[in-house]
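These notes concern the structure reproduced below.
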Number of protein chains: 2
Amino acid sequence: MGSGSNMSYHMSSMTKTPALAPDRFSDRMETLLNRADRLCAAKGVRLTALRRQILGLMLASDQPLGAYELLERLQTSHPGAAPPTVYRTLDFLLETGLIHKIERLSSFVPCTHTLDHDHSHEGEGIHATQFLICSQCSHVTELEEPAILSAILEASRNAGFRLRQSTIEIEGLCAACAGSQAGADKDHGHSHQESRRTPR
Amino acid sequence: MGSGSNMSYHMSSMTKTPALAPDRFSDRMETLLNRADRLCAAKGVRLTALRRQILGLMLASDQPLGAYELLERLQTSHPGAAPPTVYRTLDFLLETGLIHKIERLSSFVPCTHTLDHDHSHEGEGIHATQFLICSQCSHVTELEEPAILSAILEASRNAGFRLRQSTIEIEGLCAACAGSQAGADKDHGHSHQESRRTPR
DNA sequence: TTTTGAGTTGATATAATATAACATTCTCTC
DNA sequence: GAGAGAATGTTATATTATATCAACTCAAAA
Ligand SMILES: [Zn+2]
Ligand SMILES: [Zn+2]
Ligand SMILES: [Zn+2]
Ligand SMILES: [Zn+2]
């Protein structure tokens with residue numbers, strides 16, 4: 001029951017990405033996805049069509065997406081997809097460092113550091129990032145502040161704690177939202193899309 | 001269907017704590033609970049018997065407890081309790097700052113800073129704490145490192161972000177667990193109780 | 001080419017976490 | 001004691017996540 005056009009093709013990439021309606025993303029996103037391709041190839045893991053598709057959906061969103069939101073979007077090109085499909089893919093993307101989980105939202109965002117810069121993070125220490133989460137527009141910004149990391153390393157060391165991983169989630173108002181309610185407390189319209197998930 | 005003995009009593013405290021099998025905790029814990037009493041009184045909210053009981057259960061645990069673990073324990077003294085009872089109480093305790101939620105564990109711990117020191121945190125700025133979470137024994141330590149907070153404030157300010165709340169969860173090995181597997185990688189027994197929740 | 005095995009995905013069921021909505025009881029005030 | 005507001009009881013359901021086993025894909029070995 002193949003959906004056609006997946007036989008006897010050739011691609012120059014090491015990590016063939018065939019089958020499954022590719023649902024072509026924007027050029028910008030294809031660039032990022034190709035970068036993800038190369039990163040996976042370098043790690044010896046495969047960015048399959050499904051994984052690429054889901055990563056693409058995440059890149060196409062300006063907000064963190066929950067597993068079931070992702071599932072819903074995936075189903076437009078992939079009817080019959082079920083939760084384990086999404087969760088397995090998310091696990092893969094988390095393990096390869098292509099995405100992050102925002103714990104307090106039970107949602108996921110692409111890793112901007114891994115994909116936006118062309119270098120991979122190999123050889124570097126812990127990829128300890130911080131997330132600025134706007135409680136009004138749900139926009140998330142990933143930071144990687146050395147000062148924060150070193151303060152945490154210092155505190156851990158003082159406590160005799162052997163750090164393996166850290167989660168830093170900062171909730172508040174992004175610049176746009178803070179600006180738009182500067183003098184007053186009312187909600188003017190502003191550039192960011194409104195959240196369709198009630199912030200908790 | 002009252003379980004008896006809850007009529008016409010008198011207590012000197014402002015925040016009467018009657019009814020419901022008190023399930024007397026240790027002296028140490030009663031001290032902490034009484035402190036919580038005073039804190040609530042000062043805030044004009046009520047630490048009812050149920051809330052006191054649940055906070056006591058949390059204080060009695062050396063590990064974070066999930067809502068359903070708490071429910072299970074509550075039911076020994078409070079048969080028929082249901083999830084909303086626990087979640088509502090947790091909401092109250094979170095709002096009054098008596099406990100914290102560990103997001104990555106979907107679990108809760110008492111706030112050591114609020115209860116261990118006798119001062120309340122009124123007048124102080126944000127109660128921004130950090131949690132060291134041992135992935136082996138599940139023990140959680142609450143820190144309040146000024147250096148971490150100021151690094152975060154600084155980073156937020158630079159990003160034009162108006163911070164309201166921050167979650168910092170540091171996962172790794174506590175001193176005890178790190179020590180016990182120092183040279184080798186095997187799991188010797190050590191002082192902390194083993195986790196009965198598989199760390200994720 | 002066929003086989004084979006690891007990795008990936010499909011599919012069904014269910015677990016674990018959390019909330020909605022409304023009824024009842026409690027507490028304080030009048 | 002009656003009334004109002006807070007707290008709790010109760011039932012049902014929503015949301016998030018995982019377990020399990022079957023089927024398929026792909027790449028390399030035979
Ligand atoms: Zn990142
Ligand atoms: Zn915003
Ligand atoms: Zn605290
Ligand atoms: Zn430990």
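Model, not experiment: these values are computed from the prediction. All chains are named by letter (A, B, ...) in the order of the sequence lines, taking the proteins before the strands, and each is independently numbered beginning at 1.
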**Request:** Name the closest nucleotide to the A82(B) side chain, picking from dG10(C), dA6(D), dT10(D).
**Result:** dT10(D)

**Prompt:** Quick one: does L47(A)'s side chain get under 4.5 Å of T96(A)'s, heavy atoms only?
**Reply:** no

**Asked** What's the OH-P distance between Y87(A) and dA15(C), to the nearest Å?
**Response** 16 Å

**Message:** So, does H78(B) get its side chain near the phosphate of dT8(D), meaning an N or O under 4.0 Å from OP1 or OP2?
**Reply:** no

**Request:** Find the distance L74(B):CG to dT10(D):P and express it as a whole number of Å.
**Result:** 12 Å

**Prompt:** Would you say the base of dA18(C) and the side-chain of Y68(B) have a donor-acceptor pair closer than 3.5 Å?
**Reply:** yes

**Item:** side-chain N/O R51(B) vs dT8(D) OP1/OP2, d < 4.0 Å
**Value:** yes

**Request:** Starting from C1' on dA28(D), measure out to CZ on R46(A) and report it in whole angstrom.
**Result:** 13 Å

**Prompt:** What is the distance from CZ of R104(A) to P of dT17(C), rounded to the nearest Å?
**Reply:** 19 Å

**Message:** Does a side-chain N or O of K101(B) approach OP1 or OP2 of dT17(C) to a distance below 4.0 Å, or not?
**Reply:** no

**Prompt:** Is any side-chain heavy atom of E169(B) less than 4.5 Å from a side-chain heavy atom of I102(B)?
**Reply:** yes

**Message:** Please determine whether a side-chain nitrogen or oxygen atom of T85(A) lies at a distance below 4.0 Å from atom OP1 or OP2 of dG10(C).
**Reply:** yes

**Prompt:** Whole Å only: how far is the CG atom of L50(B) from the C1' atom of dG9(D)?
**Reply:** 11 Å

**Item:** Side-chain N,O (T48(B)) to OP1/OP2 (dT8(D)) below 4.0 Å
**Value:** yes

**Length of the CG-P vector between L47(A) and dG7(C), whole Å** = 17 Å

**Request:** Check the distance between dT16(D)'s P and L105(A)'s CG and give it to me in whole angstrom.
**Result:** 10 Å

**Asked** So, do H100(A) and H127(A) have ring centers that fall under 6.0 Å from each other?
**Response** yes

**Asked** What heavy-atom pair brings A155(A) and L143(B) nearest, and what distance separates the two atoms?
**Response** CB-CD1, 4.2 Å

**Prompt:** Donor-acceptor pair under 3.5 Å: do we get one between R88(A)'s side chain and the base of dG7(C)?
**Reply:** no

**Prompt:** Can E30(A) and R52(A) be said to form a salt bridge (Lys or Arg N to Asp or Glu O under 4.0 Å), step by step?
**Reply:** CA-CA 10 Å; E30(A) 290 296 335; R52(A) 196 175 209 272; 3.1 Å; yes

**Message:** Please determine whether a side-chain nitrogen or oxygen atom of S106(A) lies at a distance below 4.0 Å from atom OP1 or OP2 of dT16(D).
**Reply:** no

**Separation of dT8(D) C1' from L71(B) CG (nearest whole Å)** = 14 Å

